[in-house]
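I have placed the structure first, in the form of structure tokens, so that the comments after it can refer back to it.
A quick note: this is a predicted structure, and the numbers were derived from the prediction, not measured.
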Amino acid sequence: MKIQVIYSSLSGQTKKVAQAIFDAVAADDKTLHDLKDGEPALDGDVLLLGYRVDKGGPNAEMKAFLPKIQGKAVGIFCTLGYYADSSHAQKSLDAGIALVKEQNILLGSYVCNGALSESIIDRFRKAGTSGPHSASPENELRWEILQSHPTQAELNLAAERFRERAYLYQKYRENGLAFSSIV
């Protein structure tokens, strides 16, 4: 079974999650690919797809890429500079899932806190003190706390989730069982 981990990252946080997942999945044939290097051939049995959240969903590169995936077993993960257990995080993950769920089998999903890039924080600061991304004291504290994310615990959880799901999918196939989408 071939596993492809494909991601899009700006500040390197999604790349960290992708690397942790790649290191954890057990496959004789696996690849790690950054979309900034172009779109890879979609020749894997399992595609684990990660993006940074931008405007409540996948960033532009991943948003254009996801609808091209058909007939695969897919896992979706994302990072965002907000709380991973928030409704915003779930909606941002669901936006990516919606782009692949009709044409693929969904193995699962994962959303992770991530540090915002300094360029994005600078842009928010220049925008002033109004709006959800303003340079408010509350957002400044959140940005400070999230600078240490993803943590090793978060990386381990992402790695465990997709290592187990890829293994489960492989065992289903070996035993002639149909795998139903989890998400």
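Under the 4.5 Å side-chain heavy-atom criterion for ILVMFWY residues, no single connected hydrophobic cluster contains both Val17 and Leu116. Hydrophobic clustering keeps Leu32 apart from Ile6 (ILVMFWY residues linked when any side-chain heavy atoms are closer than 4.5 Å, directly or through intermediates). The hydrophobic cluster containing Ile69 does not contain Val5, counting ILVMFWY residues as joined when their side-chain heavy atoms lie under 4.5 angstrom apart, directly or transitively. A chain of hydrophobic side-chain contacts below 4.5 Å, direct or via other Ile, Leu, Val, Met, Phe, Trp or Tyr residues, connects Leu66 to Leu80. The hydrophobic clustering, which links ILVMFWY residues whose side-chain heavy atoms are closer than 4.5 Å, places Leu106 and Leu48 apart.
Not counting sequence neighbours, the partners of Tyr82 by the ring-ring contact (aromatic ring centres under 6.0 Å, His included) test are His88. Checked against side-chain hydrogen bond (donor to acceptor under 3.5 Å, both in side chains), Asp29 has no partners two or more places apart in sequence or in another chain.
Residues Lys2 and Asp28 are not paired through a salt bridge, judged by the lack of any N-O separation under 4.0 Å between the basic side chain and the carboxylate.
Lys16 contributes no side-chain N or O that, together with a main-chain N or O of His149, makes up a donor-acceptor pair within less than 3.5 Å. The backbone N or O of Gly81 lies less than 3.5 Å from a partner atom in the side chain of Arg142, making a donor-acceptor pair. The closest donor-acceptor contact from the side chain of Arg165 to the backbone of Leu107 lies under 3.5 Å. Proximity of a side-chain donor or acceptor of Gln4 to a complementary backbone N or O of Ala41 within less than 3.5 Å is detected. Judged by distance alone, with hydrogens and angles left aside, the side-chain atoms of Lys72 form a donor-acceptor pair with the main-chain N or O of Gly44 at under 3.5 Å. A side-chain donor-acceptor contact under 3.5 Å links Ser148 to the backbone of Ile145.
Residue pairs meeting the ring pair (Phe, Tyr, Trp, His ring centres under 6.0 Å) criterion with at least one partner in residues 164-183, sequence neighbours excluded, are Tyr169-Phe179, Tyr172-Phe179. The ring pair (Phe, Tyr, Trp, His ring centres under 6.0 Å) contacts involving residues 18-60 comprise nothing, where partners must be two or more places apart or lie in separate chains. Applying the side chain to side chain donor-acceptor pair (under 3.5 Å) test to every pair with at least one member in residues 60-69, sequence neighbours left out, gives these pairs: Glu39-Lys68, Asn59-Glu61.
Considering every non-hydrogen atom in both Ile76 and Gly96, the closest pair reads CD1-O, 4.5 Å. In terms of heavy-atom proximity, Ser11 sits nearest to Ser117 at CB-CB, 3.6 Å.
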Intermediate values then yes/no, side-chain hydrogen bond (donor to acceptor under 3.5 Å, both in side chains), Glu154 and Asn113: CA-CA 8 Å; Glu154 290 167 321; Asn113 294 318; 3.1 Å; yes
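Atom CG of Asn104 and atom CG of Leu49 lie 8.5 Å apart (nearest 0.5 Å). Going from atom CD of Glu140 over to atom CH2 of Trp143 covers 5.0 Å, rounded to the nearest 0.5 Å. Put simply, CG on Leu146 and CG on Asn139 are 10.0 Å apart, with the number rounded to the nearest 0.5 Å. Rounded to the nearest 0.5 Å, atoms CD1 (Ile3) and CD (Gln170) are 7.5 Å apart.
Residues Leu35 and Tyr7 are not in side-chain contact: their nearest non-hydrogen atoms beyond the backbone lie 4.5 Å or more apart. By the 4.5 Å heavy-atom criterion applied to side chains, Pro58 and Leu99 are counted as neighbours. Contact annotation: the side chain of Ser180 never approaches that of Ile105 to less than 4.5 Å [non-hydrogen atoms, C-beta and beyond].
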Listed pairs under 3.5 Å, donor-acceptor, residues 156-164 side chains, sequence neighbours left out:
from, atom 1, to, atom 2, distance (Å)
Asn156, OD1, Gln152, NE2, 2.9
Asn156, ND2, Gln152, O, 3.4
Arg161, NH1, Ser109, O, 2.7

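The 12-atom threshold is exceeded at NZ of Lys30, counting heavy atoms of other residues, nucleotides or ligands nearer than 6.0 Å.
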